[in-house]
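Notes follow once the structure below has been shown.
Only heavy atoms go into these numbers, but all of them, side chains included; no hydrogens, no water, no symmetry mates.
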Amino acid sequence: MTRTAKFLRLPAAEKRLLLSSLAALVAIRTALWTLNFPRVQKVADAMSHPGAKPALAPPPERIAWAVATASRVVPDGANCLLRALATGVILKRYGYPSELKIGVMKSEAGNFQAHAWLESAGSVVIGDFQLDQYVPLRASDTAAR
């Protein structure tokens with residue numbers, strides 16, 4: 001079954017969630033390509049204002065699914081920072097709190113690596129990948145100087 005056919009078979013609420021996730025991903029991806037990180041954060045914050053509250057907000061796990069699914073059609077969509085920022089935008093639109101986390105580690109080959117993930121209410125929503133190997137940066141470490 002093609003992606004289009006799968007999309008068309010979804011309930012209307014999930015179609016809206018996927019489309020809003022796609023829009024957030026495209027906007028954040030464009031911002032990451034063209035702006036410095038503090039400005040990208042401002043763009044994400046501006047996109048995060050809650051709209052009219054729907055009768056039933058999707059759970060955070062379903063929002064993460066929508067972002068991960070929509071990211072398959074966005075250039076560099078597997079980027080952890082992109083996914084975490086876009087998920088944060090959608091979560092906040094539905095009134096969920098979220099916190100972007102960035103961690104660093106040194107690989108076995110001696111290379112510096114970084115990873116981003118998003119937490120909401122103390123649980124990892126997206127980006128749960130070998131988190132025990134990353135040292136989280138404090139918020140002040142990621143602030144613009």
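Judged as a side-chain hydrogen bond (donor to acceptor under 3.5 Å, both in side chains), and not counting sequence neighbours, D128 has no contacts. Partners of E61 according to the salt bridge (charged side-chain N to carboxylate O under 4.0 Å, His left out) rule, which considers only residues two or more places apart in sequence or in another chain, do not exist here. In this view, S98 satisfies the side-chain hydrogen bond (donor to acceptor under 3.5 Å, both in side chains) rule with no residue, not counting sequence neighbours. Residues satisfying the side-chain hydrogen bond (donor to acceptor under 3.5 Å, both in side chains) criterion with R62, sequence neighbours excluded, are E14.
A donor-acceptor pair under 3.5 Å is formed between the side chain of R93 and the backbone N or O of M47. Side-chain atoms of T69 never come within 3.5 Å of backbone atoms of A66 as a donor-acceptor pair (strictly under, hydrogens ignored). In this structure a side-chain-to-backbone donor-acceptor pair under 3.5 Å is missing from K106 to Q113. The closest donor-acceptor contact from the side chain of H115 to the backbone of G127 lies under 3.5 Å. Without hydrogens or angle criteria, R83 side chain to G77 main chain gives a donor-acceptor distance under 3.5 Å.
Atom CD1 of I102 sits about 11.0 Å away from atom CG of L118, to the nearest 0.5 Å. Rounded to the nearest 0.5 angstrom, L25 CG and I28 CD1 are separated by 8.5 Å. Summarising the geometry, atom CZ belonging to F7 is positioned 12.0 Å from atom OG1 belonging to T2; distances are rounded to the nearest 0.5 Å. The distance from atom CG of L137 to atom NZ of K101, rounded to the nearest 0.5 Å, is 10.5 Å.
Under the 4.5 Å side-chain heavy-atom criterion for grouping Ile, Leu, Val, Met, Phe, Trp and Tyr, M105 is not connected to V135 through any hydrophobic cluster. Connection of L22 to W65 is not established within any shared hydrophobic cluster, with ILVMFWY side chains joined at heavy-atom distances below 4.5 Å, either directly or through further cluster members. Taking hydrophobic clusters as Ile, Leu, Val, Met, Phe, Trp and Tyr residues chained together by side-chain heavy-atom distances below 4.5 Å, V26 shares a cluster with I90. Taken together through direct or relayed side-chain contacts under 4.5 Å among Ile, Leu, Val, Met, Phe, Trp and Tyr, L100 and L91 form part of one hydrophobic cluster. Transitive grouping of hydrophobic side chains (ILVMFWY, heavy atoms separated by less than 4.5 Å) brings L35 and L32 into a common cluster.
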Show, in sequence, the C-alpha distance, side-chain angles and deciding distance for L81 and F37, and conclude whether the side chain to side chain contact (heavy atoms under 4.5 Å, CB included) test is met. CA-CA 11 Å; L81 181 59; F37 189 65; 3.9 Å; yes
Please walk me through it: do Y134 and V104 pass side chain to side chain contact (heavy atoms under 4.5 Å, CB included)? CA-CA 5 Å; Y134 290 90; V104 295; 5.5 Å; no
Evaluate side chain to side chain contact (heavy atoms under 4.5 Å, CB included) for K92 paired with H49, printing each intermediate quantity in order. CA-CA 7 Å; K92 289 176 185 173; H49 295 294; over 6 Å; no
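The two residues A64 and T87 come nearest to each other via the heavy atoms CA-CG2, 4.4 Å. Shown here for P75 and L82, the closest heavy-atom pair between the two residues is O-CD2, 4.5 Å. Between A44 and S48, the closest heavy-atom pair is O-OG, 2.6 Å.
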Please list every donor-acceptor pair under 3.5 Å in which a side-chain atom of residues 119-126 meets a protein atom from a residue at least two apart or in another chain.
residue	atom	partner	partner atom	Å
E119	OE2	W117	NE1	3.1
S120	OG	P97	O	2.5

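Within the 4.5 Å cutoff, no side-chain heavy atoms of Y94 are placed close to those of P60.
Legend: side-chain hydrogen bond (donor to acceptor under 3.5 Å, both in side chains) pairs involving residues 17-32, not counting sequence neighbours, sorted by first then second residue: R29-D76.
Summarising the local packing, NZ of K42 is surrounded by 12 or fewer heavy atoms from other residues, nucleotides or ligands at distances under 6.0 Å.
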